[in-house]
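Taking it in order: structure first as structure tokens, then the write-up.
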Amino acid sequence: MITAATSQSTSSIQPSSAGREVLLEIRGLAVHFETRRGVAKAVNDVDLSLYKGERFGLVGESGSGKSTLILSLLNMIKPPGRIVHGSAKLNRRELTNLDGEEVRQLRLSEIAMIPQGAMNSMNPVMRIGDQLELAMAEHGGGEHSVRELMEMVGLSEATERLYPHELSGGMKQRACIAQAISLSPKLILADEPTSALDVVVQRQIMQTLKNLQNRLHATVLLVGHDMGLMAQFAERVGIMYGGELVEVGEVDKIFVEPKHPYTRLLIDSISSFETKGDFRGIPGNAMSLLNPPSGCHFHPRCPNKMDKCQERPPTLKEIAPDHTASCLLYEEGENS
């Protein structure tokens, strides 16, 4: 039974009443890419708040806007992409209007990124220890020595004398994590950091990241498409589709009672021992950012679509304490 929700939009929803302090506040953020075929709205008016010391997961299919969103926080959107409008504040400091030097000083010291491709983010002709020392020296030094960083991420002292090509995939990812935490940033952006690793190493890397997050009292924004991984790591989860947030809530509540049809389908696609051999994907094709459908962007693939879903887009509404969803099923007076 889906109950009717309030008409309050996320733009007016205040942070949780649990007394948690907001670290990152995103309001109305939009990132567009201008192409010969038209404008692709990769991120479309996103509102999101992250609390200090929390683990937040951002989930969605490829092309949903997850990576573009976190790259915009680091001013790493390159032409033909640009931030069209909106605000992103870290500790009340606006990120979208910083110049090059201000962004450089902010990286590692306040906000750091763990990339998806560890090998591509490292200098192939510099030893691991030298790369860490150089990064810290560029910012006036760090709180930890290279040896301490190696120990914190579970690498041996000898690793600092190796070149990137001499490391396994898991070791390279740990080295990237060591660089990201070298200046104890308040916000760590992890862009699918385990996508190229086997499941055993994935679990080890995520446990290392969780331990470091607790030690540094940092906020981690984990981007990915693996709902199972999010269930193990995140405290809250945001679901993105077509450049928009369609659901945000505590991970336990979302997995027990997902509100948006897209979220339900993502969860149903997780394999389990009970459904061994029964792989259930989401029907239809991912949305085209150049030619999005009218009304609700998910309606061509939605099992719960109604006639009005093709006519007008839904808005993100609070449907339960600290739980929002964007679906016309939750309009006033509409039950299903």
Quick one: do Val248 and His323 satisfy side-chain contact (heavy atoms from CB on, under 4.5 Å)? Show the steps, please.
-> CA-CA 6 Å; Val248 180; His323 195 157; over 6 Å; no
Can you tell if the side chain of Met122 reaches within under 4.5 Å of the side chain of Gln179, non-hydrogen atoms only?
-> no
Measure from the side-chain N and O atoms of His139 to the backbone N and O of Leu108, and report whether any donor-acceptor pair falls under 3.5 Å.
-> no
State, yes or no, whether a side-chain contact exists between Leu183 and Glu110 at a heavy-atom distance under 4.5 Å.
-> no
For Lys186, does the NZ atom sit with more than 12 other heavy atoms under 6.0 Å from it, leaving out its own atoms?
-> no
CG (Asp307) with more than 12 external heavy atoms under 6.0 Å | no
Side-chain heavy atoms under 4.5 angstrom apart, residues restricted to Ile, Leu, Val, Met, Phe, Trp, Tyr: same cluster for Ile177 and Leu134?
-> no
So among Gln213, Arg215, Gln207, which one has a side-chain hydrogen bond (donor to acceptor under 3.5 Å, both in side chains) with Asn211?
-> Gln207
Arg107: what forms a salt bridge (charged side-chain N to carboxylate O under 4.0 Å, His left out) with it, not counting sequence neighbours?
-> none
Determine yes or no for a side-chain-to-main-chain donor-acceptor pair under 3.5 angstrom, with Gln131 supplying the side chain and Ile128 the backbone.
-> no
Side chain to side chain, Val251 and Phe233, heavy atoms closer than 4.5 Å | no
In terms of side-chain heavy atoms, does Ser49 have a donor or acceptor partner in Arg27 at a distance below 3.5 Å?
-> yes
Between CG on residue Leu69 and CG on residue Leu48, distance to nearest 0.5 Å = 7.0 Å
Charged N-O contact under 4.0 Å between Glu101 and Arg104 = yes
Would you call Arg236 and Glu250 a salt bridge, taking side-chain N to carboxylate O under 4.0 Å as the test?
-> no
Give a yes-or-no answer on whether the side chains of Thr219 and Glu54 include a donor-acceptor pair shorter than 3.5 Å.
-> no
Of all heavy-atom pairs between His299 and Pro293, which one has the smallest distance, and what is that distance?
-> CE1-CB, 3.9 Å
Across all chains, not counting sequence neighbours, the salt bridge (charged side-chain N to carboxylate O under 4.0 Å, His left out) partners of Arg147 are Glu157
Modelled atom types, side-chain donor and acceptor of Asn44 and Glu244, under 3.5 Å | yes
Minimum heavy-atom distance Glu94-Ala88, with the two atoms named = OE2-N, 3.0 Å
Quick one: are Lys41 and Leu289 in side-chain contact, heavy atoms under 4.5 Å?
-> no
Just do the side-chain contact (heavy atoms from CB on, under 4.5 Å) check on Lys259 and Ile254 with the steps written out, would you?
-> CA-CA 7 Å; Lys259 301 300 183 182; Ile254 280 186; over 6 Å; no
Gly53 and Glu235 have their tightest heavy-atom pair at O-OE1, 4.1 Å
With side chains defined as the heavy atoms from C-beta onward, is the minimum distance between Val153 and Leu212 less than 4.5 Å?
-> yes
Look at the side chain of Glu166 and the backbone N and O of Tyr163, then say whether any donor-acceptor pair between them is shorter than 3.5 Å.
-> yes
Which atoms form the tightest heavy-atom contact between Asn285 and Arg301, and what is the distance?
-> O-CD, 3.2 Å
May I have the step-by-step check of side-chain hydrogen bond (donor to acceptor under 3.5 Å, both in side chains) for Lys317 and Thr315, ending in yes or no?
-> CA-CA 6 Å; Lys317 300 177 183 294; Thr315 56; 3.2 Å; yes
Kindly say whether Gly249 contributes a backbone atom to a donor-acceptor pair with the side chain of Asp322 at under 3.5 angstrom?
-> no
Donor + acceptor pair across side chains of Tyr262, Glu61 (<3.5 Å) | yes
What's the shortest heavy-atom distance between Pro193 and Ile114, and which atoms?
-> CB-CG2, 4.0 Å
With a 4.5 Å limit on heavy-atom distance, are the side chains of Leu58 and Leu221 in contact?
-> yes
Could you give me the CA-CA distance, side-chain angles and deciding distance for Leu316 and Asp47, then say whether side-chain contact (heavy atoms from CB on, under 4.5 Å) is met?
-> CA-CA 9 Å; Leu316 204 60; Asp47 290 346; 5.7 Å; no
Without hydrogens or angle criteria, can the side chains of Thr68 and Lys66 be said to hold a donor-acceptor pair below 3.5 Å?
-> no
Looking at Arg82 and Glu34, does any basic side-chain N land under 4.0 Å from a carboxylate oxygen?
-> yes
Side chains of Thr324 and Glu318: do they bring a donor and an acceptor to under 3.5 Å?
-> no
Ring geometry between Tyr241 and Phe298 (parallel below 30°, tilted from 30 to 60°, perpendicular above 60°) = perpendicular
Side-chain donor/acceptor of Gln310 to backbone N/O of Gly295, under 3.5 Å = no
If we only count heavy atoms from C-beta on, is the Met206 to Leu229 side-chain gap below 4.5 Å?
-> yes
Which pair of non-hydrogen atoms, one from Lys52 and one from Val22, has the smallest distance, and what is that distance?
-> CE-O, 4.2 Å
Hey, does Asp191 have a side-chain heavy atom less than 4.5 Å from the side chain of Pro115?
-> no
Polar side-chain atom of Gln202 near backbone of Leu197 as donor-acceptor pair, under 3.5 Å | yes
Is a side-chain donor or acceptor of Thr35 paired with a backbone partner of Gly38 at a separation under 3.5 angstrom?
-> yes
Looking only at side chains, do Gln173 and Thr194 share a donor and an acceptor under 3.5 Å apart?
-> no
Lys89, NZ atom: more than 12 neighbouring heavy atoms under 6.0 Å | no
Would you check, one step at a time, whether the test side-chain contact (heavy atoms from CB on, under 4.5 Å) holds for Arg174 with Gln204?
-> CA-CA 10 Å; Arg174 289 177 185 273; Gln204 294 171 349; 3.5 Å; yes
